[in-house]
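Data first, discussion second: the structure below is written as structure tokens.
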Amino acid sequence: METHLSTLPQPSTRGSVPSPMWYLAYTKPRQEAVAATQLARQGYDVYLALYRRLRRGADGMVEHHGPMFPRYVFFRPAHSGQSIAPVRSTIGVAGIVRFGVTPATMGGDLIDALRAFEAERAHAHPAQLLALKAGQRVTICTGPLRGLEGLVCATATQRVTVLLDLMGRQPRVQFPLHHLEPVGV
């Protein structure tokens with residue numbers, strides 16, 4: 001079974017090969033994990049793609065894992081005779097994504113690519129997860145320089161060097177990561 005929720009029961013394959021095509025369930029708000037759990041209990045193969053990122057917290061940057069595609073869960077029948085009709089009434093599911101009356105499907109190669117991206121991101125160094133990159137404009141959001149804009153020169157795990165324009169000079173100033181935010185956010 002394909003899921004990140006390790007406590008879920010394993011579906012029985014009843015000697016059949018699972019469908020090569022994956023379907024997409026549209027979930028109720030913030031119910032992706034609930035829908036994935038319920039689908040797995042019904043015997044479907046389930047994949048809830050998770051995305052690791054850093055978020056600004058009161059104590060600095062905090063690691064956060066959330067759905068890569070909010071309100072969506074991938075699923076497929078575990079065996080050839082399994083219908084997708086019960087998915088519509090599954091707890092946490094709002095419906096099946098369709099194009100007209102035909103359910104949207106995708107091949108296993110897309111799911112494999114998503115898994116590879118997720119695994120790469122899960123093992124990345126925190127500096128690689130930063131939204132701030134060299135050359136990006138930022139706003140200082142706290143402290144005595146609050147409201148000033150600058151240009152990111154370099155990033156490290158917890159500090160960012162920013163080029164400011166102050167009184168005709170351009171000093172490079174280091175800030176904790178959680179004191180900055182990208183311009184336009």
Side-chain angles (χ1 to χ4, degrees), residues 1-133 157 177-178 181-182 184-185:
M1 177 172 71
E2 306 297 339
T3 186
H4 291 287
L5 307 171
S6 60
T7 59
L8 300 178
Q10 295 290 324
S12 72
T13 58
R14 298 186 185 115
S16 299
V17 176
S19 167
M21 298 308 290
W22 287 82
Y23 297 90
L24 196 56
Y26 185 64
T27 69
K28 294 178 181 173
R30 290 184 284 286
Q31 295 288 305
E32 299 89 354
V34 171
T37 300
Q38 295 300 321
L39 288 168
R41 286 186 180 151
Q42 293 176 46
Y44 295 97
D45 286 337
V46 179
Y47 176 56
L48 173 56
L50 297 176
Y51 188 76
R52 178 178 163 227
R53 65 178 152 274
L54 295 176
R55 284 192 155 171
R56 183 184 331 279
D59 297 329
M61 298 308 279
V62 179
E63 194 172 296
H64 173 75
H65 289 77
M68 191 179 300
F69 306 105
R71 296 195 67 183
Y72 293 97
V73 174
F74 298 96
F75 73 95
R76 68 179 175 183
H79 56 85
S80 60
Q82 189 175 21
S83 172
I84 66 167
V87 172
R88 293 178 296 156
S89 60
T90 299
I91 295 171
V93 174
I96 297 173
V97 177
R98 298 178 181 276
F99 296 113
V101 295
T102 306
T105 60
M106 59 226 55
D109 54 340
L110 175 63
I111 300 300
D112 292 342
L114 289 172
R115 281 191 189 116
F117 176 76
E118 182 180 8
E120 179 182 310
R121 192 128 173 116
H123 294 95
H125 187 274
Q128 295 172 307
L129 301 177
L130 297 176
L132 301 179
K133 305 288 183 210
T157 304
L177 182 61
H178 64 281
E181 62 183 38
V185 173

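Along the sequence shown, residues carry numbers from 1.
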Worksheet item: side chain to side chain contact (heavy atoms under 4.5 Å, CB included) between Ile96 and Arg88: does it pass, once the steps are laid out?
Response: CA-CA 6 Å; Ile96 297 173; Arg88 293 178 296 156; 3.9 Å; yes
What's the spacing between [X] [atom1] and [Y] [atom2] if we round to 0.5 Å?
X     : Y     : atom1 : atom2 : value
Phe69 : Glu32 : CZ    : CD    : 12.0 Å
Gln42 : Ser89 : CD    : OG    : 7.0 Å
Gln38 : Phe75 : CD    : CZ    : 14.0 Å
Met68 : Leu48 : CE    : CG    : 9.5 Å

Taking the side chain as everything from C-beta on, heavy atoms only, tell me whether [X] gets closer than 4.5 Å to [Y].
X      : Y     : value
Pro103 : Val97 : no
Ile111 : Phe74 : yes
Pro77  : Trp22 : no

Item to complete: Among Thr27, Ile91, Leu39, Thr90, find the residue that satisfies the side chain to side chain contact (heavy atoms under 4.5 Å, CB included) test when tested with Val34.
Response: Ile91
Practice prompt. May I ask you to check whether over 12 heavy atoms, not counting those of Leu110, lie within 6.0 Å of atom CG?
Written response: yes
Discussion item. Ring of Tyr23, cation from Arg76 - is the NZ or CZ under 6.0 Å from the centre and inside 45° of the axis?
Written reply: no
Practice prompt. Carefully, step by step, assess Tyr26 and Tyr72 under the rule side chain to side chain contact (heavy atoms under 4.5 Å, CB included).
Written response: CA-CA 5 Å; Tyr26 185 64; Tyr72 293 97; 3.5 Å; yes
Item to complete: Over all heavy atoms of both residues, which pair between Gly107 and Met21 is shortest? Give the atoms and the distance, please.
Response: N-CE, 3.9 Å
Discussion item. Is there a side chain to side chain contact (heavy atoms under 4.5 Å, CB included) between Leu24 and Met106? Walk through the geometry before answering.
Written reply: CA-CA 8 Å; Leu24 196 56; Met106 59 226 55; 4.2 Å; yes
Item to complete: Kindly state each residue pair satisfying side chain to side chain donor-acceptor pair (under 3.5 Å) with at least one member in residues 98-108, sequence neighbours excluded.
Response: none
Ignoring hydrogens and angles, tell me if any N or O in the side chain of [X] forms a donor-acceptor pair with the backbone of [Y] under 3.5 Å.
X      : Y     : value
Gln82  : Ala78 : yes
Arg52  : His65 : no
Glu118 : Ala49 : no

Fill in: Tyr47 side chain to Arg115 side chain, donor-acceptor N/O pair below 3.5 angstrom
no
